[in-house]
Amino acid sequence: MQPDDPAPPRLDELGEIEAAVWRELECAVQGRGRAPPQTPPHPWRVGVLATRDGDGVDARSVVLREIDRASRTLLIYTDARSPKAQQLVQHPQGTLVLWSAALGWQLRLQVALTLETSGLAVLSRWARLKLTPAAHDYLSPLPPGAALDTPHAPPRESRDHFAVIAASVQDIDWLELDARGHRRARFGSGPSRWVAP
Ligand SMILES: Cc1cc2nc3c(=O)[nH]c(=O)nc-3n(C[C@H](O)[C@H](O)[C@H](O)COP(=O)(O)O)c2cc1C
């Protein structure tokens, strides 16, 4: 945007903003901005997922792979042996943080996490994924974080460790940074409301 461009119109209704948030999330999992098709990946395609690790906390980047708007659920792929997978089994609550400079929007999503390591949902996704280079991520003989003597991981094995994390969105904390005044709102199980930024 050029400095003299007028600021884009702002959404004023809480319902409109929540709907726009879900539309952006739907764009994000498709891996691209909304239009034109050549635009770079949506910045919400990669978020930071924080989990509880014993008495501490942990956080890491993850790719948002799929969304089910009706059940307010996001899917993330991972290695079933990864520390995050163990953490969320112990403490199934997490926070997913997303930021888009283009929108000026930060989302903090409170999510209930479940790990799926078997069943149709996992098998069908692995059947697709194993035909792609990304399959290597789930075929290492060593779990993520295992110590190595060299920078290179050992050759892949045939057994996969693919798993799906389902993140069910319980609460959305939306923050808009804008020169006309920052705004913040909460969308959860109760009525949506504005809150002080
Ligand atoms: C841009 C980016 C995207 C990533 N996406 C994923 C992902 O979708 N799933 C995943 O398990 N790890 C992903 N990773 C790796 C994690 O951030 C992390 O390093 C790894 O999973 C180990 O995390 P853990 O020790 O907390 O389990 C990604 C890393 C980067 C830099």
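Everything quoted here is computed from the prediction, not taken from an experiment. In listed order, ligands and their atoms are each counted from 1.
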Test item: Arg108 side-chain N/O and Thr95 main-chain N/O as donor-acceptor pair under 3.5 Å: no
Residues in the immediate environment of ligand 1 (any heavy atom closer than 4.0 angstrom): Val46, Arg60, Ser61, Val62, Val63, Tyr77, Thr78, Ser82, Pro83, Lys84
Arg69 atom CZ, over 12 foreign heavy atoms within 6.0 Å: yes
Shortest non-hydrogen separation from Leu113 to Ala167 and the atoms involved: CD2-CB, 3.7 Å
Other ILVMFWY residues reachable from Leu175 by side-chain steps of under 4.5 Å: Trp99, Leu177
Ion pair check, Asp160 and Lys130, cut-off under 4.0 Å: no
Minimum side-chain heavy-atom gap Arg65-Ile76 below 4.5 Å: no
